[in-house]
Each structure stands twice: as C-alpha cells, then as structure tokens.
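Proteins get letters first, then strands, A, B, ... in listed order; numbering begins at 1 in each.
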Amino acid sequence: MLLVNTIRDHFETVLEGLQKRNFPHAEAALHQVLELDKNRKETQVERDRLQAESNSTSKEIGALLREGKKEEAEKIKSRTTEIKEQIKLLEDTYSNYEEDLKQLLYTLPNVPHYSVPSGKSADDNEIVFEHGEIPELFEGKLPHWELIKKYDIIDFDLGVKIAGAGFPVYKGRGARLQRALINFFLDEAIKAGFIEIQPPILVNEDSGYGTGQLPDKEGQMYEATADKLYLIPTGEVPITNLYRDVILNEVELPIMNVGHTPCFRREAGSWGAHVRGLNRLHQFDKVEIVQVVHPDKSYEVLEEMSQYVQGLLQKLELPYRVLRLCGGDMGFTSALTYDMEVYSAGQDRWLEVSSVSNFETYQANRLKLRFRGEDKKPQLAHTLNGSALALPRIVAAILENNQIEDGINMPKVLIPYLGFDMI
RNA sequence: AGAGAGGUGUCCGAGUGGUUGAAGGAGCACGCCUGGAAAGUGUGUAUACUCGUGAGGGUAUCGAGGGUUCGAAUCCCUUCCUCUCUGCCA
C-alpha cells in the first residue's frame with residue numbers, strides 16, 4: 001500500500017496518479033489519510049506520555065516495596081489507577097485511528113509511473129511494440145475449441161463432469177504439449193538466472209493481503225473455508241510472500257525466482273463473449289517470474305523482464321505485441337504494466353499471455369519486505385513479477401496459428417520436449 | 001485426529017511477577033594486541049511508531065490475540081505453529 005509519508009511529501013503527484021486511474025474522490029481520500037495520520041500521532045504522543053508516567057510509577061512502587069515501605073507504595077498505587085483509565089481510552093482511540101487509516105490505505109491503488117498513459121479501458125492501452133507476421137491461414141481454419149475436439153487433445157465436457165465449466169481435461173498430446181511448455185519455460189528461466197521454486201498453492205490470509213489480492217479482489221479467489229486458506233490465483237502470491245517480513249542484505253539483491261503453479265480464479269461475473277475454450281478458465285497453469293530488487297534498478301529490471309518474455313514468444317514463433325497499460329486498465333497494485341498479447345489466427349484475436357509489472361514499494365510495504373543498504377537502515381525493496389508464460393492461451397495460439405489441413409505443426413523449440421513434431 | 005512437551009534477540013540458550021529490550025555464549029562489525037594471522041582483549045550489534053534541528057528521549061514488541069496486576073517474558077484464557085509418541089496415509 002501507499003506510504004503516508006509519500007502522500008504527505010508528494011501530495012500532488014499522488015493525487016494526479018490516482019486521478020490517472022480514475023480513482024473517485026481521490027483528493028478527499030488523500031486528505032483523510034493525512035488527517036487520520038495526524039490524529040493518530042497526536043493520540044500516540046499523549047498515550048505514550050501517560051504510559052511513561054505509569055511505567056515510572058510502577059518502578060517506584062517496586063523500589064519502595066523492596067525497601068519494605070509498604071504504606072508509601074500503597075499510597076502511590078492509587079495514582080496509577082486514574083492514569084490507567086485514561087491510557088485505556090487513548091489506546092482505543094489510537095487503534096481506531098490506526099485501523100481506519102489502514103482500511104483507507106487498503107482502498108488506494110498504487111500510483112502509476114509517469115509514463116503510464118491515461119485512459120479508461122483496454123482500448124486506451126498504448127501499443128509499444130509489435131513483432132512477427134500474422135499468419136495467413138487456409139480457408140476452413142478452425143478456432144482452437146474446434147481443433148481440440150478434432151484431434152481429441154483437450155476435453156471440456158469431461159472437465160465439467162469432474163469439476164465444472166472452465167476446468168479442462170488435457171489428454172494425450174494435449175497434455176504432453178502442456179507439460180513440454182512448462183518444462184521449456186522453466187528451463188529458459190533457469191538459463192536466465194532464475195531460481196526455481198515450488199510453492200504451496202493454497203495460501204493463508206496474510207499472504208493474500210501481502211500481495212494485494214485481499215481485500216481488493218476478495219471473491220476472485222477460491223476459498224478453502226474450513227482451513228481459512230485460499231487457492232492461489234497466480235504463483236505471484238506464494239512466491240512473493242516468501243519474502244514477507246524479511247530484511248534482506250543488499251548483496252542478496254536481486255532475488256530472481258521462477259515457479260510453475262496451477263492458478264485458480266473464480267472469474268465471477270466475467271463470462272461472456274470471447275471467453276470460449278481456453279481463453280478464460282477457472283484453473284490453468286502458469287510459469288511466473290518474480291524479482292525483488294533495489295529501488296534504483298526496478299525499471300531497468302522491468303524492461304529486462306519484458307525482453308525476457310518477448311524472447312520466449314519469439315522462440316515459440318508467435319506474433320505478438322506489447323502494450324503499456326493505461327491508468328484505467330492497470331492492476332490495483334502496479335505502477336507500470338506491460339501486457340504481451342499473441343495473435344491467435346483461428347479466432348483472429350489478440351490474446352493476453354503475459355503481464356509484467358513493477359509494483360515499486362506498494363507490495364513491499366504490505367509485505368514488510370526490506371533490505372539493508374550501506375547505511376545499515378532497512379528500506380523497502382521493489383517487487384516485480386510477470387507471467388513467463390500463462391499456458392492456455394499460448395496453447396490456443398500454437399494450435400490455431402500452426403494448423404494445416406490435416407494436423408498441427410509444433411514449434412521447433414518444443415520438439416525436444418515433446419517427442420513429436422505434429423498433432 | 002488423540003496424548004504429552006515446547007515456542008525468548010542473527011543463532012544457541014538463561015530467565016516463574018518488579019530498573020529484563022531481556023543474563024551467558026556463538027556469530028558479525030569495529031578497535032587493541034601481532035611482522036601478518038590465530039588466540040586473547042575492548043566496544044558495539046533488533047524492529048516499528050513517535051518527540052527533538054541535533055545530541056538524545058518516549059512507547060511497544062520474549063509466536064499471535066485477550067485478561068489478571070500498581071507492575072508480566074514470567075500467572076490465566078483463546079489461538080497459531082513446532083517437536084515426540086499413538087493413529088492414519090501419498
């Protein structure tokens with residue numbers, strides 16, 4: 001979440017940032033933050049003063065008792081009872097201010113980077129790069145939801161039987177294609193210097209708050225209510241939370257982690273046109289890269305991560321474009337996000353397959369993720385993450401773009417992983 | 001899941017109501033010693049909030065939350081976690 005100090009010291013910047021996101025009543029909210037913080041501090045000063053008085057009185061009583069002066073001790077005991085009541089009141093007031101402040105801060109999204117375009121929706125995103133040719137397919141080309149039936153590689157009906165809509169069953173070469181992609185993505189990441197992590201895919205509430213899924217996206221996650229756990233919507237959650245409440249040494253930076261996890265999303269209310277087949281699922285696999293870096297490096301690293309993801313798409317020979325998300329379309333916790341979209345020629349659409357974001361200190365503040373620099377003082381690190389990559393839409397694009405009349409060619413880089421070159 | 005034990009600073013580990021933010025040790029940092037190193041020795045070694053221009057203060061934190069008390073790491077309650085045994089199991 002945002003730091004109160006940032007809001008105070010850079011009020012205009014923060015305000016403009018929130019406005020760029022079309023955040024309603026931004027100015028009032030920010031003023032309220034400062035007001036609550038001021039009240040909080042004033043209450044704390046008074047509370048601490050009384051507490052100090054109470055503490056020293058208690059020490060006096062202890063000293064008197066040790067000297068055997070019971071009566072004198074009894075006498076000053078009465079003094080503390082009164083103070084205690086006041087402290088209790090101030091304590092309540094203090095925690096109210098603190099809680100209100102926290103709740104309010106939870107509602108404030110991150111301040112966008114200056115380069116983020118303003119805009120309301122996905123239509124206002126800025127295309128910053130395009131690569132590859134959109135394939136000209138033969139007459140009678142099929143979208144992937146037809147192809148998977150034709151070649152019997154992914155079965156949605158079976159998934160419905162086992163779980164429900166949006167839980168596909170991958171079969172035969174479909175399953176093998178998926179596994180090949182996972183291995184390819186992980187191997188590429190390891191080559192690029194990432195450390196592989198296999199995290200839990202159920203996480204506790206603290207983790208949800210740490211990366212910002214809670215309270216903002218409550219309802220998007222599946223919940224194991226009996227145990228108060230959430231199924232992860234992305235590997236970002238467990239992997240970034242590995243560093244919750246951690247003070248790193250500056251020399252340990254950058255932290256580069258990669259992990260393959262299934263992801264679970266309820267997607268409540270987001271079904272409609274354009275979500276057929278693999279385009280939107282309740283369960284899918286994703287390889288996620290996460291970095292924890294020095295604040296001076298985070299934008300450089302964001303570019304590197306973007307380049308890295310693009311490299312994967314190039315190796316898979318998929319035409320893609322890179323978008324800089326506008327203020328209105330960016331995730332709640334992000335300061336700058338690039339989306340990578342591949343062109344899927346069977347349905348003639350761009351599909352988002354990766355989202356690479358710099359969160360600056362927004363997550364780190366919630367996570368209490370810090371590092372100790374030269375001056376020995378802990379300071380908040382910057383966190384970044386990106387999909388590298390999300391599986392189903394990549395599968396969709398591979399199937400659609402590489403289809404021929406009687407089969408589907410596999411990308412060259414995958415053949416060693418697959419053990420076959422065609423479906 | 002049942003029975004028992006336990007959770008203290010970077011780590012080990014003392015501490016069952018009163019100058020204990022916390023003994024002692026290890027580690028680490030800096031200094032002394034040394035030709036250099038080891039050993040030895042001295043000093044320092046948490047985090048958050050907050051007051052103060054600063055030096056330097058205050059408050060909180062001994063898994064977490066609540067309670068008893070003038071005062072709690074120490075007593076009580078709740079909860080989480082770890083370990084051992086039993087059960088179950090990939």
Side-chain angles (χ1 to χ4, degrees), chain A residues 1-9 33-106 198-210 214 223-230 238 241-253 262 361 363-381:
Chain A
M1 61 188 141
L2 297 178
L3 292 149
V4 175
N5 284 345
T6 311
I7 296 175
R8 189 172 33 241
D9 299 342
V33 167
L34 297 183
E35 182 69 15
L36 283 169
D37 187 56
K38 184 166 149 269
N39 293 341
R40 192 197 105 247
K41 277 188 198 175
E42 285 171 2
T43 312
Q44 183 186 348
V45 169
E46 184 59 9
R47 183 202 62 184
D48 285 359
R49 191 183 64 75
L50 288 174
Q51 188 65 57
E53 195 178 329
S54 164
N55 286 350
S56 64
T57 308
S58 290
K59 278 183 187 169
E60 263 181 68
I61 293 171
L64 288 171
L65 287 177
R66 241 173 293 124
E67 293 166 25
K69 298 175 179 168
K70 263 193 178 169
E71 286 169 26
E72 282 184 52
E74 285 302 324
K75 231 163 72 187
I76 58 175
K77 263 193 200 179
S78 60
R79 228 165 69 194
T80 54
T81 15
E82 205 180 318
I83 298 177
K84 266 182 63 182
E85 279 172 33
Q86 292 182 50
I87 292 176
K88 183 119 181 90
L89 279 173
L90 288 168
E91 193 66 57
D92 290 345
T93 313
Y94 179 83
S95 19
N96 283 338
Y97 282 136
E98 203 180 31
E99 184 60 25
D100 289 352
L101 179 60
K102 198 174 84 182
Q103 291 306 327
L104 179 56
L105 287 172
Y106 275 146
Q198 286 191 22
I201 57 176
L202 271 82
V203 295
N204 57 28
E205 203 181 41
D206 285 348
S207 299
Y209 276 98
L214 296 173
E223 238 183 299
T225 48
D227 298 287
K228 283 195 184 156
L229 295 171
Y230 296 87
N241 270 282
L242 297 176
Y243 304 95
R244 173 155 44 84
D245 282 317
V246 166
I247 303 179
L248 296 158
N249 265 317
E250 190 170 349
V251 293
E252 297 175 78
L253 302 177
T361 59
Q363 287 184 332
N365 187 29
R366 284 199 188 180
L367 292 162
K368 298 199 184 69
L369 164 49
R370 291 162 292 175
F371 71 96
R372 220 184 281 276
E374 294 223 331
D375 61 356
K376 301 283 177 195
K377 273 195 183 160
Q379 62 169 307
L380 293 171

For A:K84 and for A:D37, find the nucleotide of RNA chain B with the closest heavy atom, then tell me which residue's nucleotide is more 5'.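 Taking each residue's closest nucleotide, the earlier one in sequence belongs to A:D37.
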
Tell me which of A:A63 and A:I247 sits closer to the 5' end of RNA chain B, going by the nucleotide each one is nearest to.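 Looking at the nearest nucleotide for each, A:A63 comes out on the 5' side.
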
I want to verify a distance call: between [options], whose nearest atom is closest to the [X] side chain?
X	options	value
A:K88	B:C70, B:U47, B:G67	B:G67
A:V45	B:C51, B:C70, B:G58	B:C51
A:R372	B:U50, B:C70, B:A46	B:A46
A:Q44	B:C70, B:U47, B:U50	B:U50
A:A52	B:U47, B:U59, B:C49	B:U59
A:K41	B:G58, B:G18, B:C51	B:C51

Gap between atoms [atom1] and [atom2], on [X] and [N] respectively (whole Å):
X	N	atom1	atom2	value
A:L50	B:U50	CG	P	18 Å
A:E99	B:G65	CD	P	13 Å
A:D206	B:U79	CG	C1'	13 Å
A:L101	B:C49	CG	P	12 Å
A:D227	B:A1	CG	C1'	13 Å
A:E205	B:U79	CD	C1'	14 Å
A:E98	B:U61	CD	C1'	13 Å
A:E60	B:U19	CD	C1'	12 Å

Is the shortest side-chain N/O distance from A:N55 to OP1 or OP2 of B:U59 below 4.0 Å?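 So the side-chain polar atoms of A:N55 do come within 4.0 Å of the phosphate oxygens OP1 or OP2 of B:U59, strictly under.
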
Using only side-chain N and O atoms of A:R47, determine if any of them is under 4.0 Å from OP1 or OP2 of B:G58.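 Checking B:G58 against A:R47, no side-chain N or O comes under 4.0 Å of OP1 or OP2.
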
Check every strand shown and say whether A:R49 touches a base, only sugar-phosphate, or nothing at a heavy-atom separation below 4.0 Å.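 Contact class for A:R49: none.
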
Report which part of the nucleic acid A:Q51 touches: base, sugar-phosphate, or nothing (heavy-atom distance under 4.0 Å, all strands).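 Sugar-phosphate, backbone atoms only, no base.
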
Is a side-chain N or O of A:R366 found less than 3.5 angstrom from the main chain of A:Y209, in a donor-acceptor match?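 Answer holds: yes.
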
N-O pairing of A:R49 and A:E46 below 4.0 Å: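 Yes, A:R49 and A:E46 are salt-bridged.
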
Please name the pair of heavy atoms, one in A:L104 and one in A:V33, separated by the smallest distance, quoted to 0.1 Å.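 Heavy atoms only, the tightest pair is CD2-CG2, 3.5 Å.
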
With no hydrogens and no angle check, just 3.5 Å: does a side-chain donor-acceptor pair link A:S58 and A:N55?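 A:N55 and A:S58 do not have a side-chain donor-acceptor pair below 3.5 Å.
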
Among A:L369, A:L367, A:V203, side-chain contact (heavy atoms from CB on, under 4.5 Å) partner for A:N241: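 Filter result, single survivor: A:L367.
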
